[in-house]
2 protein chains.
Amino acid sequence: MYNLEQLRMFVESAELGSFSACARKLGKVQSAISQGIANLEIDLNLQLFDRSTRKPSLTPEGKQLFAYAEAVLRQTEELNTAVQAVGRGDEAIIRLALDNALFVPTLGPILQEFGDAFPATAIEIIYIPSTDVINLIKKQRADLGLMFSDLSFKQDVQLGFIGHVPFHAVCNPAHPLAKIDSVNVVDLIPHRQLVLRGEIATDFDQVAKISAEIWWANSFHAIEEMVKQGIGWAYMPCHLVEEAIKNKELIQLPLSFDHKPWSLSVDLIRAKNQRMGHAQGWLYGKLTHLLE
Amino acid sequence: MYNLEQLRMFVESAELGSFSACARKLGKVQSAISQGIANLEIDLNLQLFDRSTRKPSLTPEGKQLFAYAEAVLRQTEELNTAVQAVGRGDEAIIRLALDNALFVPTLGPILQEFGDAFPATAIEIIYIPSTDVINLIKKQRADLGLMFSDLSFKQDVQLGFIGHVPFHAVCNPAHPLAKIDSVNVVDLIPHRQLVLRGEIATDFDQVAKISAEIWWANSFHAIEEMVKQGIGWAYMPCHLVEEAIKNKELIQLPLSFDHKPWSLSVDLIRAKNQRMGHAQGWLYGKLTHLLE
DNA sequence: TATACATATCACCAATACTGATGGTTATTA
DNA sequence: TAATAACCATCAGTATTGGTGATATGTATA
């Protein structure tokens, strides 16, 4: 049966077009390559190289198999980098809890980069209402969390402000509020408002309450759907509704009392007194600058 | 450096939860496995198994690396099946020339099945107007071809009837013809017709000519676009326009003289006096039943 | 406590992979 | 054309590796 070293000889020799060059590259003598490939050919019962010319070149059979042999070696490279990663103690998984409103466009590239830097570490994204993030961290069911700042009890977790997420007030184009040129607070009060709330009620739920009648939902996607169906108006993260506003599915309310977009502070949190591994430390650092 | 045999020991032992069982499966003695894995652990500078219990189980590090090791072995399996295929002389590539009108829904599954049966053989689909297929085969630039039957000169190729492709006459919903309840030939004559034609003019180009004014295009996709823009009416393969008819983008003309869909015969062709390999033979057989 | 079944270790043996020398072949250069 | 340099195949000898079988030890099960 063939072995990895023979596959290496096969691929290198094919790429370099020379057994001697391959030998130099792999740190062996020429005859070792010559024999190694001859043995591989015996094992596979196929001729891989055409030696009739000066430079050995792949036979048609060799060409067909080259990509497969290369694929095996690529997999061993993957294994090697994973071994490196595990060797320096990279975590097996990092669980990141966040509200889908906080899945900002800049997060994607960070996760991409993370995957390259920590091939042996998996990422689990846990989508939950912002208000429940802190609880997941407390219960050690998540390692890092992103949440809208909350003034309530914050024992057992370490949290740091990382920036603001701007919000627009939005409604359906057919909604009565859409017809007002400049909306003030009094205008808003009689119309039903949709507000985010998770399992746990916190003071955050209260922050944005303006209207008299409030309906709740536990995700911004749900709120968006409700607003689109004219059920009420809501504050929504700008990056979630930009597209819909452009497509005229939603109207951004021109608030007379809000000259720049209203925004919420965001905290990055993790369990207190818990050591972070390499991967978590890296990700923590990157997330610190998520909203810049 | 580790080798494939050690990876096999790693994966098998982990799956079986036993070095002895692994030894039996791999046809070695227990001590070989014990040493093999110990050496692997030395090479990787990591402990893969926890031997403190009765059944050896993977350490966290072992768990992280397991999938990678398995992936390497899976790649060797791929290599092995490719070696088998190349060993029995499977072709490196098969070039199938056809008109996009003949990319019928049943072709997809056949190609899928082909990929499984002949892993070392690549498929090249050459999309050209039906009338040019025969030429590609003659010039040996394709191995198999599908084309609408053509009564012209057919030297050097072997061709066989395999079935019919039904056509609908279609036009844009805003087209004058769309307003007629039952369209007869005389109604069609004054309206511009769009007909397929390739590089080579053949008698096929003439077959479907009905209207006085004819415009040409070299693909049904182009014709479809032209019909959608109201440039004329055309005969189109049913399977290409079903969707558009359903979406009211096209109207199927109710032809008084065509009570069942007009259809064209299709031939499967290949070069005469040329030996077919396994893969080509298999595909040839399957394509014979393509339109059943 | 006895049994059955694991794993680790060790000395020994067999298979293999590598080395270095040799000879033949093919381009390149004088 | 002759000399040179670079390449590959082959082979005998050696070093390395991997496998064997025996033994000691450990751990569940009855």
Side-chain angles (χ1 to χ4, degrees), chain A residues 1-63 66 69 72-73 76 79-80, chain B residues 1-63 66 69 72-73 76 79-80:
Chain A
M1 192 56 179
Y2 61 84
N3 60 43
L4 285 174
E5 212 48 35
Q6 291 173 331
L7 295 185
R8 233 161 254 142
M9 294 173 180
F10 171 27
V11 168
E12 285 296 341
S13 295
E15 279 179 349
L16 296 169
S18 157
F19 292 175
S20 308
C22 172
R24 285 189 289 273
K25 186 158 180 184
L26 299 186
K28 306 181 198 278
V29 298
Q30 171 263 322
S31 62
I33 308 298
S34 188
Q35 287 177 96
I37 293 207
N39 286 334
L40 178 60
E41 291 179 323
I42 290 168
D43 286 337
L44 302 186
N45 190 30
L46 281 169
Q47 184 141 347
L48 296 173
F49 285 90
D50 174 10
R51 279 102 160 162
S52 68
T53 100
R54 178 141 181 78
K55 279 181 170 298
S57 59
L58 289 176
T59 59
E61 292 78 26
K63 276 193 194 128
F66 178 81
V72 172
L73 296 180
T76 68
L79 172 55
N80 293 339
Chain B
M1 190 57 179
Y2 62 85
N3 61 42
L4 285 175
E5 212 48 36
Q6 291 173 330
L7 295 184
R8 235 162 250 140
M9 293 174 179
F10 172 27
V11 169
E12 285 297 338
S13 295
E15 279 178 350
L16 297 170
S18 157
F19 291 175
S20 309
C22 172
R24 286 189 289 272
K25 186 156 179 184
L26 298 186
K28 307 183 198 278
V29 298
Q30 172 264 323
S31 61
I33 308 298
S34 187
Q35 289 177 99
I37 293 206
N39 286 333
L40 179 59
E41 290 179 323
I42 291 168
D43 286 338
L44 303 186
N45 190 31
L46 280 169
Q47 184 142 346
L48 297 174
F49 285 90
D50 174 10
R51 279 102 158 161
S52 67
T53 104
R54 179 144 178 76
K55 279 180 170 298
S57 60
L58 288 176
T59 59
E61 292 78 25
K63 277 194 192 123
F66 178 81
V72 173
L73 296 180
T76 68
L79 172 55
N80 292 340

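Letters A, B, ... are given to chains in the order of the sequence lines, protein chains preceding strands, and every chain is numbered from 1. Computed over heavy atoms, backbone and side chain alike; hydrogens, waters and symmetry mates excluded. Quantities reported herein were computed from a predicted structural model and do not represent experimental measurements.
Using a 4.0 Å cut-off between a side-chain N of Lys or Arg and a carboxylate O of Asp or Glu, B:E41 and B:R51 qualify as a salt bridge.
No donor-acceptor pair closer than 3.5 Å links the side chain of B:S34 to the backbone N or O of B:S31.
Residue B:Q6 contributes atom CD, which lies 17 Å from atom P of D:dT16 at whole-angstrom precision. Going from atom CE of B:M1 over to atom P of D:dT17 covers 14 Å, rounded to whole Å. In this entry the distance linking CZ of B:R8 with P of D:dG18 reads 13 Å, nearest Å. Rounded to whole Å, the distance from CG on B:L40 to C1' on D:dG18 is 14 Å. As rounded to whole Å, 11 Å separates atom P of C:dA8 from atom CG of B:D50.
Taking the six-membered ring for Trp and the full ring otherwise, the centers of B:F49 and B:F19 sit less than 6.0 Å from each other.
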Worksheet item: Using a cut-off of 4.0 Å between protein heavy atoms and nucleotide atoms, how would you tag nucleotides 19-30 of chain C 5' to 3' with B, S and -?
Response: BB-----BS---

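Relative to the side chain of A:M9, the nucleotides C:dC18, C:dA8, D:dA9 differ in distance, and C:dC18 lies closest. The A:R24 side chain lies nearest to D:dC7 when the options are D:dC7, C:dT9, D:dC8. Proximity note for B:N3 (side chain, C-beta onward) versus D:dC8, D:dG18, C:dA8: the nearest is D:dG18. Proximity note for B:F19 (side chain, C-beta onward) versus C:dA8, C:dA17, C:dA6: the nearest is C:dA8.
Between atom CG of residue B:N39 and atom CE of residue B:M1 there is a gap of 14.0 Å, rounded to the nearest 0.5 Å. The structure places CZ of A:R8 at 9.0 Å from CG of A:N3, a figure rounded to the nearest 0.5 Å.
One finds no side-chain N or O of B:S34 lying less than 4.0 angstrom from the OP1 or OP2 phosphate oxygen of C:dT7.
Side-chain contact between A:L44 and A:E61: absent, with no pair of heavy atoms (C-beta onward) separated by less than 4.5 Å.
Within the nucleic acid shown, A:S20 comes within 4.0 Å of sugar-phosphate atoms alone, with no base atom in reach, counting heavy atoms only.
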